Amino acid sequence: MKSFAKLTLAITLVVGVLAFAAAAKVSVGAAAPSFQATDSVGKKVDLESLRGKYVVLEWCNWGCPYVQKHYNSGNMQALQKKYADKGVVWLTIFSSAEGAQGYYTNPQLTKIGAEKKMSSHLVSDANGTIGKLYNARNTPSMFVVNPEGNVIYMGGIDDQPTPDPSSLKGARNFVSAALDESMASKPVSVPTSRPYGCGIKYRD
């Protein structure tokens with residue numbers, strides 16, 4: 001029995017180390033981990049095929065008050081539209097497990113996305129594959145990938161880690177800054193920040 005317990009512990013530690021190693025691959029300046037998915041209306045999304053474009057990855061849970069701050073105010077939709085008009089591909093990813101708070105079916109995603117007037121692909125990641133690949137832990141959690149396929153920003157959406165809508169006034173939006181600076185061939189002034197928000201409800 002003790003041998004079995006030791007074996008179980010050893011396997012757990014190895015899995016943990018491998019998971020950490022995978023997460024450690026996501027870093028500014030390094031290639032963004034590749035993935036394939038299908039959005040809520042059945043369109044294939046392949047990160048490799050998006051080379052040549054800027055890509056934003058946004059982890060979302062509409063039940064999270066930190067996310068609500070950006071959506072109820074229209075702030076997130078304005079960002080999505082602004083950069084979609086500039087050719088940026090915006091992927092909004094939902095990694096909550098089926099049955100957990102923050103999980104939505106594809107029809108629900110499509111319906112709510114239309115109601116919220118979003119300009120992004122809505123991607124269900126209920127098995128947590130994409131979220132764990134990027135070590136995403138919070139909603140909202142943001143990544144910006146440049147046309148070469150490298151991560152140029154990862155972290156929180158801005159410098160105001162609060163669900164208070166009034167904090168949007170005067171907030172420094174790191175995602176917007178990263179896109180604007182990179183598009184102007186300037187170095188990204190803030191390439192990383194600490195993400196804030198609600199914890200993602202993974203399957204395990």
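Remember, it's a predicted structure, so these values are computed and weren't measured experimentally. Just the heavy atoms: all of them, side chains too, but no hydrogens, waters or symmetry mates, feed the values below.
At least one donor-acceptor pair under 3.5 Å links the side chain of D159 to the backbone N or O of R172. Side-chain atoms of S193 come within 3.5 Å of backbone atoms of G156 as a donor-acceptor pair (strictly under, hydrogens ignored). Although no hydrogens or angles enter the test, the distance criterion places no donor-acceptor pair under 3.5 Å between the side chain of D158 and the main chain of F174. No donor-acceptor distance shorter than 3.5 angstrom exists from the side chain of N138 to the backbone of P140, with no hydrogens or angles considered. With hydrogens and angles ignored, the 3.5 Å screen pairs no side-chain donor or acceptor of Y104 with any backbone N or O of P107. Formation of a donor-acceptor pair under 3.5 Å by the S27 side chain with backbone atoms of A30 is not found in this model. With Q77 contributing its side chain and Y71 its backbone, the two residues share a donor-acceptor pair below 3.5 Å.
L109 and V45 fall into different hydrophobic clusters, where Ile, Leu, Val, Met, Phe, Trp and Tyr are joined by side-chain heavy atoms under 4.5 Å apart, directly or via other members.
Residues Y54 and S182 bring a donor and an acceptor atom of their side chains to less than 3.5 Å of each other. Under the 3.5 Å distance criterion, with hydrogens and angles disregarded, a donor-acceptor pair is assigned to the side chains of S176 and Y83. In summary, the side chains of E48 and Q36 do not present any donor paired with an acceptor at a separation below 3.5 Å, with no hydrogens or angles considered. Side-chain contact annotation: T162 with S167, donor-acceptor N/O pair under 3.5 Å absent. Side-chain contact, W62 with Q68: no donor N or O sits under 3.5 Å from an acceptor N or O. Using a 3.5 Å distance cut-off with no hydrogens or angles, the side chains of S95 and D125 do pair a donor with an acceptor. Neither side chain, Y66 nor D164, offers a donor N or O lying under 3.5 Å from an acceptor on the other. Side-chain atoms of S189 and E181 include a donor-acceptor pair closer than 3.5 Å. Side chains of N150 and E148: no donor on one and acceptor on the other come within 3.5 Å.
Minimum heavy-atom separation, A171 to Q160: CB-CG, 3.6 Å. I152 and A178 get closest at one heavy-atom pair: CD1-O, 4.1 Å. Counting all heavy atoms, side chain and backbone alike, I157 lies closest to M76 at CD1-CE, 3.5 Å. Taking each heavy atom of S120 and T92 in turn, the nearest pair found is OG-OG1, 2.9 Å. Minimum heavy-atom separation, L133 to S34: CD2-O, 3.5 Å. Here the closest non-hydrogen pair linking P195 and S141 is CB-OG, 4.0 Å.
The pair D46-R51 fails the salt-bridge criterion, with no side-chain N (NZ, NE, NH1 or NH2) lying under 4.0 Å from an Asp/Glu carboxylate O.
Residues E58 and L91 are not in side-chain contact: their nearest non-hydrogen atoms beyond the backbone lie 4.5 Å or more apart. Two residues are said to be in side-chain contact when any heavy atoms from C-beta on lie closer than 4.5 Å; K43 and T38 fail this criterion.
Within the cation-pi definition used here (under 6.0 Å to the ring centroid, within 45° of the axis), K132 qualifies as a partner of Y202.
Listed by first then second residue, pairs satisfying salt bridge (Lys or Arg N to Asp or Glu O under 4.0 Å) with a partner in residues 101-114 read K111-E115, not counting sequence neighbours.
Note: W59 and Y134 have tilted aromatic rings, judged against thresholds of 30 and 60 degrees for the angle between ring planes. A tilted orientation is assigned to the rings of Y196 and H70, their planes being inclined by 30° to 60°.
Within a 6.0 Å sphere centred on NZ of K81, heavy atoms belonging to other residues, nucleotides or ligands number 12 at most.
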